[in-house]
Amino acid sequence: MTIYVGNLSYDVTQEDLTAVFSEYGTVKKAYLPTDRETGKLRGFAFVDLSTEEEEQQAIETLDGANWMGRDMKVNKARPRERR
DNA sequence: GTTGAGCGTT
């Protein structure tokens, strides 16, 4: 399972994500997509923890939490199919 | 500032 993190500050880095989610489990992957044309961050991210329990815990705890000045959205990610 | 890519037409 992958976690979707939306409404992020554009100052957030992969290191920041990893640091925060590491409090709830082992971060296997932290990905910050950038706009394909402008190269700028898109304001959301994807994080993979090692177990679903950890991810569920991270979602429950971090969803709606104020981080870097923004109330981030955290929930289970959708498959990467849309465009 | 809200769901990742690139290739290239299921």
Side-chain angles (χ1 to χ4, degrees):
Chain A
M1 177 173 138
T2 299
I3 300 174
Y4 162 81
V5 188
N7 196 40
L8 284 175
S9 163
Y10 281 6
D11 294 322
V12 171
T13 65
Q14 266 189 24
E15 287 70 41
D16 293 325
L17 275 175
T18 302
V20 171
F21 283 83
S22 286
E23 296 180 38
Y24 306 94
T26 301
V27 177
K28 297 196 316 179
K29 194 166 298 186
Y31 184 63
L32 278 168
T34 52
D35 188 286
R36 204 159 159 294
E37 313 209 328
T38 70
K40 296 184 299 188
L41 289 176
R42 295 184 61 184
F44 62 93
F46 292 96
V47 179
D48 275 18
L49 297 189
S50 26
T51 71
E52 281 195 26
E53 288 70 33
E54 295 172 341
E55 296 182 325
Q56 187 55 50
Q57 194 61 169
I59 291 172
E60 290 179 8
T61 310
L62 298 173
D63 185 36
N66 186 282
W67 188 48
M68 306 290 280
R70 288 192 163 269
D71 292 311
M72 59 177 160
K73 302 270 191 190
V74 182
N75 58 262
K76 183 179 175 300
R78 292 173 186 158
R80 186 208 328 180
E81 288 299 328
R82 62 222 71 251
R83 63 178 86 173

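All of these numbers come straight from a predicted model, not from anything done at the bench.
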- Message: For a 4.5 angstrom cut-off between non-hydrogen side-chain atoms, does A:Ile59 reach A:Met1?
- Response: yes
- Interatomic distance where CZ belongs to A:Phe46 and P belongs to B:dA5 [whole Å]: 8 Å
- Item | Residue whose closest nucleotide on DNA chain B lies nearer the 5' end, A:Leu8 versus A:Pro33 | A:Leu8
- Task: Please check if the side chain of A:Asp35 supplies one atom and the backbone of A:Lys40 the other of a donor-acceptor pair under 3.5 Å.
- Result: no
- Whole-Å distance separating the CG atom of A:Asp63 from the P atom of B:dT2: 16 Å
- With a 4.5 Å heavy-atom cut-off, do A:Trp67 and A:Leu8 have their side chains touching? yes
- What's the NZ-P distance between A:Lys73 and B:dT2, to the nearest Å? 11 Å
- Grab the CD-P distance between A:Gln14 and B:dG4 for me, whole Å please. 16 Å
- Message: So, taking the atom named CG in A:Asn66 and the one named CE in A:Met72, what distance separates them when rounded to the nearest 0.5 Å?
- Response: 8.5 Å
- Item | B:dT2 pyrimidine/purine six-ring stacking with A:Phe44, under 5.5 Å and 30° | no
- Task: Select one nucleotide: of B:dG6, B:dA5, B:dT3, the one nearest the side-chain heavy atoms of A:Arg36.
- Result: B:dG6
- Could you state the atom-to-atom distance from NZ of A:Lys40 to P of B:dT2 in whole Å? 12 Å
- How close or far is atom C1' of B:dT3 from atom CG of A:Leu17, stated in whole angstroms? 14 Å
- What is the distance, rounded to the nearest whole Å, between atom CH2 of A:Trp67 and atom P of B:dT2? 17 Å
- When the distance from CD1 of A:Ile3 to P of B:dG4 is rounded to whole Å, what number comes out? 17 Å
- Within the structure shown, what part of the strands sits under 4.0 Å from A:Tyr31 by heavy-atom distance: base, sugar-phosphate, or nothing? base
